[in-house]
Engineer: 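First the structure, which I've put down as structure tokens, then a few questions once you've had a look.
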Amino acid sequence: MSIFEYNGSAVVAMVGKNCFAIASDRRLGVQLQTIATDFQRISKIHDHLFIGLSGLATDVQTLYQRLVFRHKLYQLREERDMKPETFASLVSAILYEKRFGPFLCQPVIAGLGDDNKPFICTMDSIGAKELAKDFVVSGTASESLYGACEAMFKPDMEAEELFETISQALLSSVDRDCLSGWGGHVYVVTPNEVKERILKGRMD
């Protein structure tokens with residue numbers, strides 16, 4: 001078993017019309033043993049920027065703390081929030097810096113940029129970015145997430161429809177992966193508000 005699969009994870013981000021959604025499962029396990037059912041993989045950087053981290057849980061928490069620190073330094077120096085594209089470049093640089101002893105994480109970044117245009121991207125553990133205009137996935141459930149998102153995604157969805165689509169894609173995918181599950185956390189972000197919802201899984 002790969003070290004990336006040790007704790008299990010499923011993270012997905014999807015774009016809509018002037019909005020985006022990011023979702024993850026809630027399971028923290030040690031291989032097939034479940035340790036917790038409320039693990040937080042998605043973190044808010046600011047109101048219009050979120051990051052989801054799949055991979056080894058200890059590295060997820062360490063990397064998140066480092067990113068928050070770097071973003072706060074940026075806010076102090078620039079007196080503004082970081083744009084999603086800038087933040088993606090920062091994450092990529094931090095990961096590449098540690099390429100010989102990498103953080104065992106695969107980030108998913110989602111945010112609203114200029115003119116409320118949604119931005120999503122993912123990268124591997126050494127910071128190679130993959131940009132997308134529809135959805136990005138990572139984690140042990142990524143294969144089934146790709147299939148579900150391909151089948152369900154439509155361009156220019158409004159916030160409510162986007163929430164329904166990403167929720168169904170996440171729940172149907174983690175049901176096919178024994179290392180992730182126990183429902184999910186979903187954030188839907190529009191220019192005016194952030195909605196957080198917790199999905200109940202099959203075992204709740």
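Residue numbers run from 1 in the order of the sequence given.
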Engineer: Listing request: all side chain to side chain donor-acceptor pair (under 3.5 Å) pairs with a residue in residues 44-64, at least two apart in sequence or in separate chains.
Structural biologist: K44-D47, S54-S138
Engineer: Using a 4.5 Å cut-off between side-chain heavy atoms of Ile, Leu, Val, Met, Phe, Trp and Tyr, which other residues end up in the same hydrophobic cluster as F69?
Structural biologist: L73
Engineer: With a 4.5 Å cut-off on side-chain heavy atoms, are Q75 and D81 touching?
Structural biologist: yes
Engineer: Are the charged groups of R176 and E143 less than 4.0 angstrom apart, N to O?
Structural biologist: no
Engineer: Are any of the side-chain heavy atoms of V12 and I166 separated by less than 4.5 Å?
Structural biologist: yes
Engineer: Can you tell me how far the CD atom of Q65 sits from the OG atom of S43, to the nearest 0.5 Å?
Structural biologist: 10.0 Å
Engineer: Is there any side chain to side chain donor-acceptor pair (under 3.5 Å) pair reaching into residues 8-20, and which pairs are they, with sequence neighbours excluded?
Structural biologist: none
Engineer: Do M157 and E164 touch side chain to side chain, with heavy atoms closer than 4.5 Å?
Structural biologist: no
Engineer: Name all residues meeting the side chain to side chain contact (heavy atoms under 4.5 Å, CB included) criterion together with E130; count only those two or more places apart in sequence or in a different chain, and write none if there are none.
Structural biologist: T122, Y146
Engineer: Just jot down the salt bridge (Lys or Arg N to Asp or Glu O under 4.0 Å) partners of K133, sequence neighbours excluded, or say none.
Structural biologist: none
Engineer: Any side-chain donor-acceptor pair under 3.5 Å between R80 and Y74?
Structural biologist: yes
Engineer: Less than 4.0 angstrom from a charged side-chain N to a carboxylate O is my criterion; do K195 and E160 meet it?
Structural biologist: yes
Engineer: Do I45 and M82 have side-chain heavy atoms sitting under 4.5 Å apart?
Structural biologist: no
Engineer: Can you see which heavy atom on V186 is nearest to which on F163, and at what distance?
Structural biologist: CG1-CD1, 3.7 Å
Engineer: I'd like to check the ring-ring contact (aromatic ring centres under 6.0 Å, His included) partners of Y6; sequence neighbours left out, ordered by chain and number.
Structural biologist: none
Engineer: Answer with yes or no whether the side chains of D175 and S172 bring together a donor and an acceptor at under 3.5 Å.
Structural biologist: no
Engineer: Are any non-hydrogen side-chain atoms of C19 and L162 less than 4.5 angstrom apart?
Structural biologist: yes
